[in-house]
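Let me begin by presenting the structure, written as structure tokens, before commenting on it.
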Amino acid sequence: MARPRKHFTPQEKKAASRIKSKLYYDRNWAEISAARLKKRNKNRMSISMLQLRNHARGDVVLSGYLHDAQTLYTAFRTFIHPGRLTYIDRACTTYIKTQDQDQLQHDTRHLTDILSAMRRHENDVLEVAGLGSDWKAVQDKVAHIQLVVMWLEDLACWAMDGYDTLCSMYNDRLLKYQMYVD
């Protein structure tokens with residue numbers, strides 16, 4: 001013969017289970033707490049090891065981004081040799097002599113491509129390293145390139161406005177690069 005039923009509804013079974021669990025916890029709370037603490041510390045340790053491995057990988061990735069950014073900046077410096085003001089002045093005087101806008105547009109496109117790649121590297125460095133000295137160094141290089149691109153675009157705009165307009169702006173020293181003070 002089967003034993004008689006203690007609980008007749010699902011609600012009664014749940015209530016009895018809760019009471020039983022509460023009694024068990026009251027008797028064994030110290031062991032349960034120690035086991036939970038041990039498990040939590042073990043998980044924390046594995047997470048910190050994972051972060052350490054990712055940090056080491058991040059350093060390798062970061063050095064790659066910084067190297068690529070430096071390579072691009074070196075290409076930029078080579079392109080504008082001996083300096084940015086000299087380069088822009090040479091571009092302006094060349095246009096005044098030849099009246100050829102194609103060279104201004106070609107140089108603008110080339111430097112814009114370098115600027116776009118540098119911005120990608122700046123974002124990558126920011127993502128990997130955050131706001132720090134590495135990101136600031138790349139940001140300064142981006143600002144240098146951006147300034148030269150802005151000056152070239154200014155020249156191209158005045159050249160589109162007309163040869164005479166650009167010549168008078170150049171002679172009156174009203175072009176953006178001519179007003180720049182280092």
Side-chain angles (χ1 to χ4, degrees), residues 43-182:
N43 287 341
R44 279 186 186 165
M45 207 157 130
S46 64
I47 289 171
S48 65
M49 290 301 290
L50 181 64
Q51 288 171 339
L52 184 63
R53 269 189 251 122
N54 286 341
H55 180 70
R57 267 190 232 124
D59 286 345
V60 171
V61 170
L62 177 63
S63 66
Y65 291 146
L66 292 173
H67 178 266
D68 293 347
Q70 184 59 45
T71 302
L72 281 169
Y73 190 67
T74 302
F76 163 73
R77 298 289 299 195
T78 303
F79 188 74
I80 65 161
H81 182 73
R84 52 189 181 181
L85 289 171
T86 308
Y87 165 75
I88 292 292
D89 196 56
R90 187 174 56 228
C92 185
T93 54
T94 302
Y95 170 74
I96 289 172
K97 288 177 187 169
T98 63
Q99 297 182 23
D100 182 19
Q101 289 184 23
D102 293 338
Q103 187 61 40
L104 286 176
Q105 292 170 353
H106 174 268
D107 288 358
T108 304
R109 267 194 309 274
H110 180 68
L111 290 177
T112 302
D113 291 343
I114 291 175
L115 179 61
S116 297
M118 281 294 286
R119 282 191 175 137
R120 278 194 305 275
H121 289 302
E122 178 187 21
N123 291 335
D124 293 338
V125 169
L126 178 62
E127 188 176 313
V128 172
L131 295 172
S133 59
D134 293 330
W135 175 75
K136 181 67 174 143
V138 175
Q139 185 188 35
D140 290 343
K141 291 172 183 170
V142 167
H144 285 214
I145 298 170
Q146 190 171 357
L147 186 63
V148 173
V149 169
M150 181 188 68
W151 289 338
L152 266 178
E153 288 172 346
D154 182 52
L155 286 179
C157 287
W158 286 114
M160 282 189 255
D161 195 36
Y163 173 77
D164 295 332
T165 307
L166 180 67
C167 286
S168 66
M169 294 288 289
Y170 178 77
N171 291 332
D172 296 339
R173 302 195 57 76
L174 296 175
L175 296 170
K176 283 184 182 177
Y177 82 91
Q178 291 173 323
M179 292 185 267
Y180 183 78
V181 178
D182 258 337

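Index from 1, following the sequence. Only heavy atoms go into these numbers, but all of them, side chains included; no hydrogens, no water, no symmetry mates.
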Which is it for D124 and R120 under the salt bridge (Lys or Arg N to Asp or Glu O under 4.0 Å) test, yes or no, and what are the steps along the way? CA-CA 6 Å; D124 293 338; R120 278 194 305 275; over 6 Å; no

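- Residues F76 and L111 come closest through the heavy atom pair CD1-CD2, 3.6 Å.
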Determine, step by step, whether D107 and Q103 satisfy the side chain to side chain donor-acceptor pair (under 3.5 Å) criterion, reporting the C-alpha distance in whole Å, the side-chain angles of both residues, the deciding distance to 0.1 Å, and the verdict. CA-CA 6 Å; D107 288 358; Q103 187 61 40; 2.9 Å; yes

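- Looking only at side-chain heavy atoms (C-beta outward), Y73 and H144 come within less than 4.5 Å of each other.
- Aromatic ring centres of H81 and Y87: separated by at least 6.0 Å.
- Partners of D89 under the side-chain hydrogen bond (donor to acceptor under 3.5 Å, both in side chains) rule, at least two apart in sequence or in another chain, are Y170, Y177.
- For R90 against P82, the heavy-atom pair with the smallest separation is NH1-CD, 3.8 Å.
- Distance alone, capped at 3.5 Å, is enough to place a donor-acceptor pair between the Q178 side chain and the L174 backbone.
- Residues L175 and M179 have side chains not in contact (no heavy-atom distance under 4.5 Å, counting atoms from C-beta outward).
- Salt bridge status for D113 with R109: absent, with no side-chain N to carboxylate O gap under 4.0 Å.
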Do V138 and Y65 pass the side-chain contact (heavy atoms from CB on, under 4.5 Å) test, and can you show the C-alpha distance, the side-chain angles, and the key distance before you say yes or no? CA-CA 10 Å; V138 175; Y65 291 146; over 6 Å; no

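- Counting heavy atoms of neighbouring residues, nucleotides and ligands inside a 6.0 Å radius, atom CD of Q70 exceeds 12 of them.
- D154 places no side-chain N or O within 3.5 Å of a backbone atom of M150 that could act as its donor or acceptor partner.
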